[in-house]
Peer 1: 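Here's a structure for you.
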2 protein chains.
Amino acid sequence: METFATRGYHNASLAEIAERAGLTQAGVLHHFRSKAGLLTGVLDLRDQSDIGTLGEERPRGLAFLRHLVETAARNAEREGIVRLYAVLSAESVTEGHPAQDYFRTRYEGLRGLLVEALTEAGELGEIDEGIDPVAAASAVIAVMDGLQVQWLLAPEAVDMAAVTELAITALLGRPLPEAD
Amino acid sequence: METFATRGYHNASLAEIAERAGLTQAGVLHHFRSKAGLLTGVLDLRDQSDIGTLGEERPRGLAFLRHLVETAARNAEREGIVRLYAVLSAESVTEGHPAQDYFRTRYEGLRGLLVEALTEAGELGEIDEGIDPVAAASAVIAVMDGLQVQWLLAPEAVDMAAVTELAITALLGRPLPEAD
DNA sequence: GTCTATATTTGGATAGAC
DNA sequence: GTCTATCCAAATATAGAC
């Protein structure tokens with residue numbers, strides 16, 4: 001994870017990964033059939049503790065948006081994870097990238113989660129009728145992703161949580177309720 | 001440009017670039033001292049026709065924000081350029097990447113341009129007093145960047161111009177004036 | 001200014017011993 | 001399950017002819 005985050009997929013070498021894991025390059029390939037397989041394994045592992053796989057008990061309505069702001073705040077303390085996703089998601093749009101399907105599916109899922117949360121918020125009367133859940137969903141995800149790159153290049157210049165909350169409240173047209 | 005956009009920096013080879021340019025790999029290195037030098041050259045070239053280098057006659061106040069929406073619309077017809085910046089900007093956060101300074105400076109400049117435009121808009125009475133130009137600047141840039149990755153992975157699922165305009169109008173708390 | 005040739009390094013992957 | 005040894009391909013960069 002750390003090596004892919006620090007170097008990206010193509011510039012990461014199995015030799016470096018092996019060394020950091022305490023075995024040889026051939027040893028790594030005993031557990032994963034190829035470098036691409038290793039990347040897939042890393043992403044699958046990460047997924048088990050990530051937002052993209054929130055279960056049925058996930059927060060509903062605006063509480064989900066609040067959860068995203070908290071995620072942004074927590075991310076400011078997890079540079080490695082932020083870098084991993086920022087680097088790999090963008091790299092995945094290159095030709096034949098092994099994580100392309102993963103990120104296509106991930107974004108589709110994230111947009112779906114947000115559309116659902118925004119729709120719930122509408123039904124609960126938490127937000128105005130006029131809001132387009134699909135457009136707002138893309139916007140929220142985009143802000144969070146874009147902030148990560150800016151923050152990685154200049155951590156002192158960008159407050160990810162504050163700007164995320166600003167953008168969300170602006171899109172909703174009202175303040176976000178505090179966390180429980 | 002096309003090769004770096006399609007493959008990223010590390011996975012692009014001088015051989016492919018040379019072939020597409022109609023000469024040999026050694027021929028390319030006669031004009032650029034190294035692969036990193038070539039990347040720098042590409043970015044410098046692009047800069048001459050790009051938003052980051054708008055001169056003194058750039059649009060002022062909200063007209064600048066309108067200009068950004070138009071850029072997003074135009075970008076939907078320029079996948080190559082979009083991919084170039086999306087891939088390289090994220091890749092630039094990896095260790096020792098040759099475009100790191102370029103993108104750090106670029107984002108700093110973009111934020112400065114946005115802050116200036118938003119400040120002008122405030123002085124012109126085009127937007128409310130309460131708006132924080134610095135936070136809004138980061139947000140606008142982030143939305144545009146984030147949308148590009150989503151759009152590259154699923155062009156049919158994301159309307160870059162519409163969502164950009166939605167986010168900007170939300171952040172401003174009012175509609176954006178039409179272009180001249 | 002472009003080429004061929006080559007040096008040198010590094011990469012991913014495989015075979016087979018232990 | 002891990003290692004050593006090796007293969008093979010590809011990469012950047014340089015030297016020097018034309």
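What you see is a predicted model, and the numbers here were worked out from it, not measured in a lab. Below, all heavy atoms of this structure are taken into account, side chains as well, without hydrogens, waters or symmetry copies. First the proteins, then the strands, lettered A, B, ... as listed; each starts at 1.
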Peer 1: Rounded to whole angstrom units, what separation is found between the CG atom of B:Leu14 and the C1' atom of C:dT9?
Peer 2: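 Rounding to the nearest Å, CG of B:Leu14 and C1' of C:dT9 are 15 Å apart.
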
Peer 1: Can you measure B:Phe32 atom CZ to C:dG1 atom P for me and round it to whole angstrom units?
Peer 2: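 It works out to 12 Å between those atoms.
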
Peer 1: From NE2 of B:His30 over to P of D:dA17, roughly how many Å is that when rounded to an integer?
Peer 2: 16 Å

Peer 1: Report the distance from atom CD of A:Glu19 to atom P of C:dG11, rounded to the nearest whole Å.
Peer 2: 11 Å

Peer 1: Do NZ/NE/NH1/NH2 and the carboxylate oxygens of B:Arg83 and B:Glu2 come within less than 4.0 Å?
Peer 2: no

Peer 1: For A:Ala12, report the nucleic acid contact type (base, sugar-phosphate, nothing); a contact means any heavy atom under 4.0 Å.
Peer 2: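 Sugar-phosphate contact only.
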
Peer 1: Measure from NZ or CZ of B:Arg46 to the centre of the six-membered ring of B:Tyr85, then state whether that distance is under 6.0 Å and the direction lies within 45° of the axis.
Peer 2: no

Peer 1: Salt bridge or not between A:Glu116 and A:Arg58? Use side-chain N to carboxylate O under 4.0 Å.
Peer 2: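 Between A:Arg58 and A:Glu116 there is a salt bridge, with a charged N closer than 4.0 Å to a carboxylate O.
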
Peer 1: Name every residue in residues 93-101 of chain A that has at least one heavy atom under 4.0 Å from any atom of DNA chain C, in order of residue number, or write none if there are no such residues.
Peer 2: none

Peer 1: Is it the case that the side chains of B:Tyr107 and B:Asp145 hold a donor-acceptor pair, with the cut-off being a distance below 3.5 Å and no angle test?
Peer 2: yes

Peer 1: For DNA chain C, determine which residues of residues 20-29 of chain B have any heavy atom closer than 4.0 angstrom to one of its atoms, and list them numerically.
Peer 2: B:Leu23, B:Thr24, B:Ala26

Peer 1: In terms of side-chain heavy atoms of B:His31, which of C:dG12, C:dT2, D:dA13 is nearest?
Peer 2: C:dT2

Peer 1: To the nearest Å, give me how far apart CG (A:Asn11) and P (D:dA10) are.
Peer 2: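 To the nearest whole Å, that distance equals 18 Å.
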
Peer 1: Using whole Å, report how far CG of B:Leu39 lies from P of D:dT12.
Peer 2: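 So the two atoms are 12 Å apart, to the nearest Å.
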
Peer 1: Rounded to whole Å, how long is the line connecting atom CD of B:Glu16 with atom P of D:dA9?
Peer 2: 19 Å

Peer 1: A:Ile17 CD1 to C:dG11 C1': how many Å, rounded?
Peer 2: 12 Å

Peer 1: In terms of hydrophobic clustering (I, L, V, M, F, W, Y; side-chain heavy atoms under 4.5 Å; direct or indirect links), are A:Leu166 and B:Val115 co-clustered?
Peer 2: no

Peer 1: With no hydrogens and no angle check, is any side-chain donor or acceptor of B:Thr94 less than 3.5 Å from a backbone partner on B:His97?
Peer 2: no

Peer 1: Testing A:Leu38, A:Ile17, A:Val42 for side chain to side chain contact (heavy atoms under 4.5 Å, CB included) with A:Thr3, which one passes?
Peer 2: A:Ile17

Peer 1: For A:Arg111, what residues pass the salt bridge (charged side-chain N to carboxylate O under 4.0 Å, His left out) criterion, not counting sequence neighbours?
Peer 2: none

Peer 1: Nearest 0.5 Å please: distance from the OG atom of B:Ser89 over to the CD atom of B:Gln148.
Peer 2: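 The distance works out to 7.5 Å.
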
Peer 1: Would you mind telling me which of D:dA13, C:dG11, D:dG1 lies closest to the side-chain atoms of A:Ser13?
Peer 2: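 Nearest listed nucleotide: C:dG11.
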
